[in-house]
Amino acid sequence: MSNLVLRNRSRFRKRSKAGFWSASVPPFDQAIKRIFGRVGGWAWVACIPLTLTILAVWGVAAQAQDEFTAADVQNTLDNIWVLIAAFLVIFMNAGFGMLETGFCRQKNAVNVLFKNLIVFALATLAFWFLGFSLMFGGGNGWIGWGNFFLGGPAELYGLDSAEGLTKDTFFLFQAAFAGTAATIVSGAVAERIKLIDFIIFSLLLTSICYPVTGHWVWSEDGWLGGMGFHDFAGSTVVHSVGGWAALMGAAFLGPRMGKYTAEGQVSALPGHNLSVATLGCLILWLGWFGFNPGSELAANLNVPYIAVTTNLAAAAGAVAATFTSWALSGKPDLSMTINGILAGLVGITAGCFVVGYAGAFWIGLLAGILVVFSVGFFDSIKIDDPVGATSVHLVCGIWGTLAVGLFANPNNFTQLGDPDAVSGLFYGGGIGQLGIQILGILTIGLFTVVVTSIFWLILKSVLGLRVSAEEEMKGLDIGEHGMEAYSGFLKDTSDMSGVM
């Protein structure tokens with residue numbers, strides 16, 4: 001460092017001897033050079049007009065900023081928030097993948113992961129091709145219609161191009177919901193369905209079946225929504241539709257080999273990794289804060305309220321399912337705690353906007369109890385659902401939709417002072433809202449059962465739904481994919497004794 005200083009001083013002396021700072025230099029220039037000479041000479045003088053230009057542009061920008069209205073700011077915030085919510089819902093696919101993989105056996109891990117990964121890609125394309133137009137395009141109260149492939153102006157889909165969400169934001173959020181409906185089916189038909197059948201069914205569900213019933217409720221002119229049917233974020237529109245489709249698929253497939261004995265007893269086929277399943281549950285819990293609060297479709301003070309009701313229901317569901325299963329079996333069952341959390345989340349999805357904190361607690365608590373008994377019921381009628389998807393999404397989706405007709409509170413934060421507030425039976429609303437909720441559950445359920453049954457029957461007759469007995473015994477990882485999730489690790493072969 002000292003040598004560098006000496007060299008600089010030597011250069012300064014040489015410049016002084018050559019008259020660089022001679023008395024002939026005008027005083028103004030001398031002052032400028034004394035200020036800037038040490039750090040770049042005349043180059044700094046050139047910065048003066050640049051600085052003036054920047055200041056001028058800054059002033060113009062500040063004036064333009066004053067013209068950017070509060071409505072523009074709110075519109076931008078709304079779009080950013082709904083996009084973030086869409087990302088959280090998309091991330092739920094990771095939660096479903098982890099949950100279903102952990103609840104299934106090791107030999108089928110790749111197959112379950114693959115289905116949960118590909119299903120969102122399938123749903124996105126199917127919804128882009130056809131589903132979005134059928135759900136939100138113009139038309140009538142029964143079906144939408146409009147420009148396909150996301151064509152046409154925002155107004156075609158019930159959006160205001162000047163204020164509110166853009167078409168792109170709204171599409172991405174709704175596509176994430178369509179993917180959720182499809183991935184519900186994956187868990188119920190796991191470990192024995194042919195992959196090609198699942199792919200085709202997912203395309204049909206997200207392009208036709210789900211959008212039609214969604215149009216009834218969520219489009220501007222949907223007939224159920226016009227009657228006052230309330231399903232804020234999709235206990236029925238998303239979860240029950242996925243649950244009905246899953247139930248019919250599990251029924252047509254039949255149970256896994258070894259699930260039920262000849263005497264009708266249930267044989268446990270435990271999942272291979274509850275650590276992964278627990279992680280999946282926590283990811284889903286987090287993702288639900290995009291699912292429910294995001295359905296407000298705006299960044300406002302209703303969002304944190306909806307987040308609180310969502311969280312209360314999940315917590316109550318976890319506790320209720322834990323102690324119910326503990327009382328029945330004598331041991332706390334982790335898998336039931338997981339399903340209790342999901343049951344509470346599904347249950348509150350319809351009413352998270354219109355119920356109070358107490359209502360959210362009771363909805364989640366009763367959902368947690370209900371899911372435990374529902375799992376036992378489906379086993380009693382030999383509907384084999386490896387992950388409990390029908391119990392969580394169908395049964396608790398129905399319960400959550402009914403609960404709006406019971407617990408909707410016109411005096412809660414989101415409805416206070418609203419002349420069109422939804423009122424349930426327990427808050428002076430009578431049975432009117434409850435009757436509308438029942439009508440919506442029955443009509444959407446009937447349509448979904450009929451249409452998905454047709455899909456499953458056609459696939460069964462043309463392609464065959466189920467893998468061969470040998471493939472099922474060895475595992476779908478080898479039979480369908482030719483690979484293993486845990487290559488090099490010891491494989492459980494306790495259920496492969498019949499394979500030569």
Side-chain angles (χ1 to χ4, degrees), residues 73-97 99 116 119-121 123-124 127-128 131-132 135-136 150 154 157-160 163-184 206 210-211 214 217-219 230-239 241-242 280-314 341-342 344-355 360 393 397 400 413-414:
V73 174
Q74 183 62 53
N75 186 32
T76 302
L77 291 174
D78 290 345
N79 279 273
I80 291 173
W81 159 240
V82 175
L83 279 175
I84 292 172
F87 301 155
L88 286 170
V89 177
I90 293 169
F91 188 52
M92 289 173 69
N93 286 281
F96 281 116
L99 179 77
N116 278 276
V119 74
F120 181 63
T124 297
F127 207 59
W128 175 52
F132 190 63
M135 193 164 180
F136 295 105
L150 204 57
Y157 306 100
L159 302 171
D160 187 341
E163 297 181 2
L165 300 184
T166 67
K167 179 177 63 176
D168 299 320
T169 300
F170 189 60
F171 168 77
L172 187 63
F173 186 72
Q174 295 298 336
F177 273 51
T180 299
T183 200
I184 290 168
T206 53
Y210 167 76
V217 180
W218 286 345
S219 70
H230 186 87
D231 187 5
F232 184 74
S235 284
T236 286
V237 174
V238 178
H239 294 283
V241 166
C281 175
L282 290 170
I283 292 173
L284 289 170
W285 196 340
L286 174 64
W288 236 282
F289 293 117
F291 206 97
N292 286 2
S295 294
E296 172 68 359
L297 301 180
N300 57 37
L301 293 181
N302 293 338
V303 169
Y305 180 88
I306 296 167
V308 171
T309 58
T310 299
N311 201 54
L312 285 173
I341 292 169
L342 301 180
L345 290 167
V346 171
I348 195 59
T349 295
C352 57
F353 183 80
V354 297
V355 302
H393 298 280
F413 173 80
T414 59

Qualifying residues under side chain to side chain contact (heavy atoms under 4.5 Å, CB included), relative to N311, sequence neighbours excluded: W285, F289
Partners of F173 by ring-ring contact (aromatic ring centres under 6.0 Å, His included), sequence neighbours excluded? F177
CG (L99) and CG (L342) are apart, to the nearest 0.5 Å, by 6.0 Å
Identify the two heavy atoms, one from W288 and one from T349, that lie closest to each other, and give their separation to 0.1 Å. NE1-OG1, 3.0 Å
With sequence neighbours left out, write down each residue that passes side chain to side chain donor-acceptor pair (under 3.5 Å) with T414, or none if nothing qualifies. N412
Taking only residues two or more places apart in sequence or in another chain, which ones pass side chain to side chain contact (heavy atoms under 4.5 Å, CB included) with T124? F120
Sidechain-backbone polar pair: N292 side chain, C352 backbone, donor-acceptor under 3.5 Å: no
Would you find a donor on one side and an acceptor on the other, under 3.5 Å apart, between the side chain of T183 and the backbone of T180? no
Within a strict 4.5 Å, meaning less than it, do heavy atoms of the L77 and V73 side chains meet? yes
For a quick test of reading the model, state the closest non-hydrogen atom pair linking G214 to M135 and the distance between them. CA-CE, 3.6 Å
By side chain to side chain donor-acceptor pair (under 3.5 Å), which residues pair with S295, not counting sequence neighbours? none
Show your reasoning for whether side-chain contact (heavy atoms from CB on, under 4.5 Å) applies to T169 and T166. CA-CA 5 Å; T169 300; T166 67; 3.0 Å; yes
Could you grab the distance from atom OG1 of T309 to atom CZ of F232, nearest 0.5 Å is fine? 9.0 Å
Compare every heavy atom of Y210 with every heavy atom of V238, then report the nearest pair and how far apart it is. CG2-OH, 3.8 Å
Qualifying residues under ring-ring contact (aromatic ring centres under 6.0 Å, His included), relative to F87, sequence neighbours excluded: none
Shortest non-hydrogen contact from V89 to G290? CG2-C, 3.8 Å
Counting C-beta onward and ignoring hydrogens, is there a side-chain heavy-atom pair between P293 and W81 closer than 4.5 Å? yes
Pairing residues for L150 by the side chain to side chain contact (heavy atoms under 4.5 Å, CB included) criterion, not counting sequence neighbours: W128, F132, K167, D168, F171
For A85 and G294, which heavy atoms make the closest approach, and how far apart are they? CB-CA, 3.6 Å
I need the F96 CZ to N116 CG distance, nearest 0.5 Å. 8.0 Å
If we ignore hydrogens and angles and just use 3.5 Å, is the side chain of D231 paired with the main-chain N or O of V237 as donor and acceptor? yes
With sequence neighbours excluded, tell me which residues meet side chain to side chain donor-acceptor pair (under 3.5 Å) with T206. none
Compare every heavy atom of A123 with every heavy atom of A178, then report the nearest pair and how far apart it is. C-CB, 4.2 Å
Could you check whether any side-chain heavy atom of I184 comes within less than 4.5 Å of a side-chain heavy atom of H239, counting everything from C-beta outward? yes
Which value, rounded to the nearest 0.5 Å, describes the distance between Q174 atom CD and F136 atom CZ? 3.5 Å
Under the criterion side-chain contact (heavy atoms from CB on, under 4.5 Å), I'd like the reasoning laid out for L286 against L282: C-alpha separation, chi angles, the key distance, then a yes or no. CA-CA 6 Å; L286 174 64; L282 290 170; over 6 Å; no
As an exercise, state the distance from CG of L284 to CG of L88, rounded to the nearest 0.5 Å. 11.5 Å
Is F170 close to V82 at the side-chain level, that is, under 4.5 Å between some pair of heavy atoms? no
Check side chain to side chain donor-acceptor pair (under 3.5 Å) between S235 and all other residues, then give those that pass, not counting sequence neighbours. none
Can you tell me if CZ on F413 sees more than 12 non-hydrogen neighbours from other groups inside 6.0 Å? yes
Taking the six-membered ring for Trp and the full ring for Phe, Tyr or His, determine whether the centres of H230 and W218 are under 6.0 Å apart. no
Taking only residues two or more places apart in sequence or in another chain, which ones pass side chain to side chain contact (heavy atoms under 4.5 Å, CB included) with A298? D78, E296, N300
With rounding to the nearest 0.5 angstrom, report the CD1 to CG distance, I348 to L312. 8.5 Å
